[in-house]
K.L.:
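Could you have a look at this structure, given as structure tokens, before my questions?
The figures here come from the full heavy-atom set of this structure, side chains too, leaving out hydrogens, waters and symmetry mates. Chain A is the first sequence line, chain B the second, and so forth, proteins listed ahead of strands; every chain is numbered from 1.
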Amino acid sequence: MTPRIVVTGAGVISPLGAGIEAFADALWSGKSAVAPSTRFPGSTIAEFGDFNPTPWLGNKGVRVLDRGTRFLCVAAQMALYSTGLLQDAASDGDPGLGLVCGTMFGGVHSIAMFDWSGLVEGPSMVSPMEFPNTVINAPAGQAAIKHKLRGVNSTICAGLASGLHAIQYAADFLRFGRARHLMAGGMEEVCDEAALGFSKLGIASPTGCVRPFGMDRDGAAAGEGSALWMLETEETAEAGSMPPWFEVCGFGTANDASPEGAEAAIQQALEETAIGPGEIGCIIASANGSRADALESRALRCVFGHHLETIPVSAPKAAIGEAMGASGAFCAVTAGLALQRQQAPPTAGFIATDSGLRLSSEPQPFQGEYALINAFSCDGNNAALVIRRWKS
Amino acid sequence: MKRVVVTGIGVISPVGTGKSAFWTALLAGKSGIGPVTAFDSTNYAAHIGGEVRDFDSTCHVRQQRPEQMGRASQMAIGAARLAIEDSAIALDSILRRRIGVSMGTTSGEPLFVEHYNDALKQSGDDAVDPQWMALYPCHVIPTHVAMEFNLHGPSIMIPTACAAGNYAIGYAYDLIRTGRADVMLAGGADAFSRIPYMGFARLGAIAPERCQPFDKNRKGMVPGEGSGMLVLEPLDAAVGRGAHVYAEVLGYGVSCDAHHMTAAHPQADGAIRAMTAAMKDSGVGTGDIDYISAHGTGTPTNDRIESLAVRTLFGERAPKVPMSSIKSMLGHTMGAASAIEAAACALALDTGWIPPTINHEEPDPECGLDIVPNQARQTNPRIVLNNAYAFGGNNASLCLGRYA
């Protein structure tokens, strides 16, 4: 019998605030963090602003960590603290405790700065201290050192679906007994390279109003931060007296940029959970305000049909922007909170949609036990995950 | 749980393209290392590399335009195409949603970071390629492979640096044995880039002339590039279609040192735990291991720590287990390395021959293992272990067995 995978804690550092409570309060009050950037003049971004990690991490060894790594280390600190698994700095660290980090750009700023330094000052002038940050797994590796995470330490890249893939990867590792406690989710920073890429690709909203599924939507805004769940099996949760928050059920993925890709991912997630579409209580959508939102609404209509009349849909990227490799994890945390509150959060700034989906600028109550989380990329990287309110 | 086997091998490497050229070169002890040509190395502290010199992307990339993707994607497609052809699998006979791609890399498509900076330096923001964000993030590598062969199953990049190939093959193995996929293309790819080269040169980690893993006078590693891809499928499906089975994936294990970003744990803690986990996962013990494909980069510390790990774990038997490093011939192909080494392991199980560690002159008593010096050897191994260690303390060992 495959063990059931449960979530017993979380760590969130987002443009809506530090900590899961701040995230939830802002999201449910309909606030949006999408605003003119203080760091990149002329851009509209959901950013954390000046980020000082020392209240969480202290001063030691923080200077060499790039912004994204600091986000990840702080989210990990919160997840460890909330589950009583924070490692004693003097201890050896638990070899069953690990981290699976989804990301899209990783530490691209560190990589580009390292190369820039070689280009401008010459290859012999680059800093050997900065070199370790130029591997894509550097944030996860640095977090492992910081928090003594000796178990599985993987970095997962699958575009905008990275966060959900990381959660699934971690859940599988726990199912196979390859680890005891795994933090899983995503991390992304908006740096020069990501901000420029976002605007050059033509997906950034020129008006700065992010309206997922909106009739007048004109683009997305880049977002950043880190969100992690603490995952474990039902058995270890009981043994460790951490009450499960909810259960990680079926996962679906399809690498397919055609409209059928998203649909296949949702179908597979429902099949793996062994439920019908009518049993889903709420849907946390991937929509970010870009044209691609139409692919998601089409997929939802194909899978859910008339059920969409009663299932509330929420698009948190209206509030937190498109946090790329972290966005799936932010949506997952949102879904967990929605199950706990039996309310789908408002979609910030929502006015009107022609998608046929039940969106609202107010919280929407629902009855069901299950929530669906979508993470779709227009390059074909699609994933969907179903979670369930905990019932032993 | 299903048994998972390797039925196709595709390699793009500094010693040759394709399984046969690759294997013939390895058994002959041929080196693929030479002067760096990818960029002008005049101002660098080192000048040699393991570059792929015979790669023509237009031969391999047929459904997409090779100039619209990076070199790592091109090589990954090349290795995948070779692996698919080698396996003689009829992809059309399998549901596209049941065929996936699992890959590893160290740097992804670093040439786009180079282009980004070159453009920025020359003419500022405006000169940066508008497609930069669509071309660079490393998940595009498996995505390009999936698009080339029209594969709609799970597609994932696990960029755990120089151990990434083993992570990717391991996850593909998990997906198949649990029935989440019917066929997986699994491996790794990395393109030669000034970025890692600059870093390794600055650390003084690059050997001046040649790569001599486990030699007393070893002077460092040699950065390389390439791609290795395997076709993995369930044993029953492979037997059913009459496929040639190179090897069975028995299991794998991963661990994290949580000690230092670049230096291995002094007591080899993570390396020992990864090997132990791989053997446990595979249901074998140290007495069953007939050959170890070493991570063996050729740096003084790494080879010493890896030897310590093997001696600690294998005890008295350690010097009797042949362990070689093909990085002596290829250089360190980064995220592709453990995938290419897994291909070599599968070929060792299939042919009975194990490749040598070349450039060996003087044994290092601190290593003290049988490194198969300079000459390939016929030992008919049954079970082999493939070690890989990476920046970030990410360790992974893969266990393969002969299928008979």
K.L.:
Could you tell me whether A:D256 and B:R96 make a salt bridge, using a distance below 4.0 angstrom between a side-chain N and a carboxylate O?
P.N.:
no
K.L.:
Test side-chain contact (heavy atoms from CB on, under 4.5 Å) on B:Y136 and A:I111 and set out the steps.
P.N.:
CA-CA 12 Å; B:Y136 168 70; A:I111 299 167; 3.5 Å; yes
K.L.:
Check each atom of B:S41 against the heavy atoms of chain A and say whether the ones under 4.5 Å are side chain, backbone, both or neither.
P.N.:
neither
K.L.:
Classify the ring geometry of B:Y171 against A:Y169: parallel below 30°, tilted from 30° to 60°, perpendicular beyond 60°.
P.N.:
tilted
K.L.:
Both conditions, 6.0 Å and 45 degrees, for the charged tip of B:R180 above the ring of A:F251: are they met here?
P.N.:
no
K.L.:
If you measure from CG on B:N117 to CG on A:D115, what distance do you get to the nearest 0.5 Å?
P.N.:
4.5 Å
K.L.:
Shortest non-hydrogen contact from A:L149 to B:A258?
P.N.:
O-CB, 3.6 Å
K.L.:
Is A:P95 close to chain B through its backbone or its side chain, or both, or neither, when contacts mean heavy atoms under 4.5 Å?
P.N.:
both
K.L.:
Pick whichever of B:D269, B:V101, B:T105 has the most heavy-atom pairs under 4.5 Å with chain A.
P.N.:
B:D269
K.L.:
Mind checking the CZ-CZ spacing from B:F200 to A:F131? Nearest 0.5 Å is all I need.
P.N.:
4.0 Å
K.L.:
Evaluate whether atom CE of B:M147 has more than 12 neighbouring non-hydrogen atoms of other residues, nucleotides or ligands under 6.0 angstrom away.
P.N.:
no
K.L.:
Need one label for B:L203: side chain, backbone, both or neither, based on atoms under 4.5 Å from any heavy atom in chain A.
P.N.:
side chain
K.L.:
For chain A, which of B:D129, B:D174, B:V113, B:V140 has the most heavy-atom pairs under 4.5 Å?
P.N.:
B:D174
K.L.:
Measure the CZ-CZ distance between B:R273 and A:R150 for me, rounded to the nearest 0.5 Å.
P.N.:
4.0 Å
K.L.:
Mind ranking B:A45, B:G153, B:A146, B:P142 by heavy-atom pairs under 4.5 Å with chain A and telling me who comes out on top?
P.N.:
B:G153
K.L.:
Quick check for you: among B:A274, B:P196, B:A390, which has the greatest number of heavy-atom pairs under 4.5 Å with chain A?
P.N.:
B:P196
K.L.:
Mind checking the OH-CG spacing from B:Y167 to A:N153? Nearest 0.5 Å is all I need.
P.N.:
6.5 Å
K.L.:
Heavy-atom cut-off 4.5 Å, strictly under: side chain, backbone, both or neither for B:D257 against chain A?
P.N.:
backbone
K.L.:
Does the pair A:I145 and B:M261 meet the rule for a side-chain contact (heavy atoms from CB on, under 4.5 Å), with working shown?
P.N.:
CA-CA 8 Å; A:I145 295 167; B:M261 277 303 287; 3.9 Å; yes
K.L.:
Can you tell me how far the NE2 atom of B:H139 sits from the CD1 atom of A:I136, to the nearest 0.5 Å?
P.N.:
11.5 Å
K.L.:
Taking it one step at a time, do A:E130 and B:R202 satisfy side-chain contact (heavy atoms from CB on, under 4.5 Å)?
P.N.:
CA-CA 11 Å; A:E130 300 294 335; B:R202 183 70 180 82; over 6 Å; no
K.L.:
Rounded to the nearest 0.5 Å, what's the gap from CE on B:M157 to OG1 on A:T155? Could you check?
P.N.:
11.5 Å
K.L.:
Looking at A:M129, I want to see if its CE is surrounded by more than 12 non-hydrogen atoms of other residues, nucleotides or ligands under 6.0 Å.
P.N.:
no
K.L.:
Output yes when a side-chain donor or acceptor of A:R178 lies under 3.5 Å from a complementary backbone atom of B:D281, and no otherwise.
P.N.:
no
K.L.:
Donor-acceptor check, side chain of A:K200 to backbone of B:W132, threshold 3.5 angstrom: yes or no?
P.N.:
no
K.L.:
With a 4.5 angstrom heavy-atom cut-off, is it the side chain or the backbone of B:R177 that approaches chain A, or both, or neither?
P.N.:
side chain
K.L.:
Got a donor-acceptor contact below 3.5 angstrom from the A:N137 side chain to the B:F391 backbone?
P.N.:
yes
